[in-house]
Amino acid sequence: MTQVTAQISVSLDGFYAGPIAAGDVPGWMEGPEAPGFFRVTRWVTDAASWRDRQGFAGGERSADSELIDGYFEAAGAYVMGRRMFDAGEVPWGDVPPFRAPVFVVTHRPREPLVREGGTTFTFVTEGPERAVELARAAVAAKRTGGTDVAVAGGGSMVRTLLGAGLVDRFDLHVVPVLLGDGLRLFDSDLGLAPDEGIELTASEATTSNGVVHLRYRIGGRRTLHLDDRGSGGGTVREETAASTA
């Protein structure tokens with residue numbers, strides 16, 4: 001059964017990249033956003049499985065490397081934001097690491113971009129829900145390979161799909177660094193009412209090379225209620241009495 005998965009790395013204070021540049025910067029790599037991003041994703045770029053996928057030598061064979069291998073193997077299609085694509089198009093080169101259909105959510109139409117190794121970028125202008133729908137269909141049409149639709153970033157796309165209830169499993173990688181400023185993963189644009197929250201169920205927690213890997217199942221939106229159990233309220237006493245009667 002196809003599930004939609006999202007995963008992202010953040011600093012201990014909740015940033016997935018440095019701050020966006022103010023003013024004219026020649027390119028993303030020259031701006032203040034990049035150093036923070038590369039710090040929180042260092043555990044990925046140091047892993048042998050990621051380097052193998054990029055065609056690079058070296059890297060560490062570790063639990064982190066096995067985790068990344070698992071992500072690549074499970075993904076049958078990807079969804080990403082246009083800003084993530086724009087930042088990665090040149091560095092990914094002619095053989096991007098995805099090796100599966102990638103659906104890019106954008107307001108700017110563009111013809112599909114076919115790359116070597118099985119990656120085709122399709123640009124979807126009808127919104128994130130449509131991109132997920134197309135990615136699910138692409139997975140269903142394949143006879144082999146992974147069965148997940150993986151959200152490949154960036155942070156705003158992860159947040160949008162979580163807020164829309166389109167993610168089934170969410171993995172958060174907490175890196176032991178404080179950035180102090182930057183692009184915060186969980187900002188105030190999840191689309192929640194003041195009395196709403198998104199409930200998650202923790203299913204796994206591991207640590208490797210100082211990075212804490214947390215896995216959650218998404219339970220969906222729930223109404224938040226005033227809870228006065230800490231004050232010894234009458235409701236709780238009545239519930240306790242009823243349960244022991």
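The residues of the chain are indexed from 1 along the displayed sequence.
- Judged as a salt bridge (charged side-chain N to carboxylate O under 4.0 Å, His left out), the pairs with a partner in residues 60-77 (not counting sequence neighbours) are, in order, D52-R61.
- W50 has its ring centre no less than 6.0 Å from the ring centre of F72.
- Residues V124 and T106 have side chains not in contact (no heavy-atom distance under 4.5 Å, counting atoms from C-beta outward).
- For the pair T119 and V102, the minimum side-chain heavy-atom distance is below 4.5 Å.
- Judged by the 6.0 Å distance and 45° axis criteria, R115 is not positioned over the aromatic ring of F121.
- Taking the salt bridge (Lys or Arg N to Asp or Glu O under 4.0 Å) definition, one finds that R221 meets it with E196, sequence neighbours left out.
- The neighbour count for E126 CD, taken as heavy atoms of other residues, nucleotides or ligands under 6.0 Å away, is above 12.
- Residues L179 and V40 form a side-chain contact, since some pair of their non-hydrogen atoms from C-beta on lies under 4.5 Å apart.
- Stacking of R184 on the aromatic ring of F15 is recorded, both the 6.0 Å distance cut-off and the 45° axial limit being met.
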task: Would you sort out whether D171 and H173 count as a side chain to side chain contact (heavy atoms under 4.5 Å, CB included), showing the intermediate values?
output: CA-CA 7 Å; D171 290 8; H173 313 288; 4.2 Å; yes

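- When ring centroids are compared, F123 and F85 come within the 6.0 Å threshold.
- Here F37 and W28 bring their ring centres to under 6.0 angstrom of each other.
- Considering only heavy atoms from C-beta on, S208 comes within 4.5 Å of H213 through its side chain.
- The aromatic rings of Y216 and F170 lie parallel to each other, their planes meeting at an angle below 30°, with 60° marking the opposite boundary.
- Side-chain atoms of R136 and Q3 form no donor-acceptor pair, as typed in the model, at a separation below 3.5 Å.
- The aromatic ring centroids of W43 and F38 lie 6.0 Å or more from each other.
- For the pair Q54/R51, no side-chain contact is recorded, criterion being any heavy-atom separation below 4.5 Å from C-beta on.
- L190 and V158 end up in the same hydrophobic cluster when Ile, Leu, Val, Met, Phe, Trp and Tyr side chains are linked at under 4.5 Å.
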query: side chain to side chain contact (heavy atoms under 4.5 Å, CB included) between L166 and E129: does it pass, once the steps are laid out?
result: CA-CA 8 Å; L166 295 172; E129 292 87 355; 3.7 Å; yes

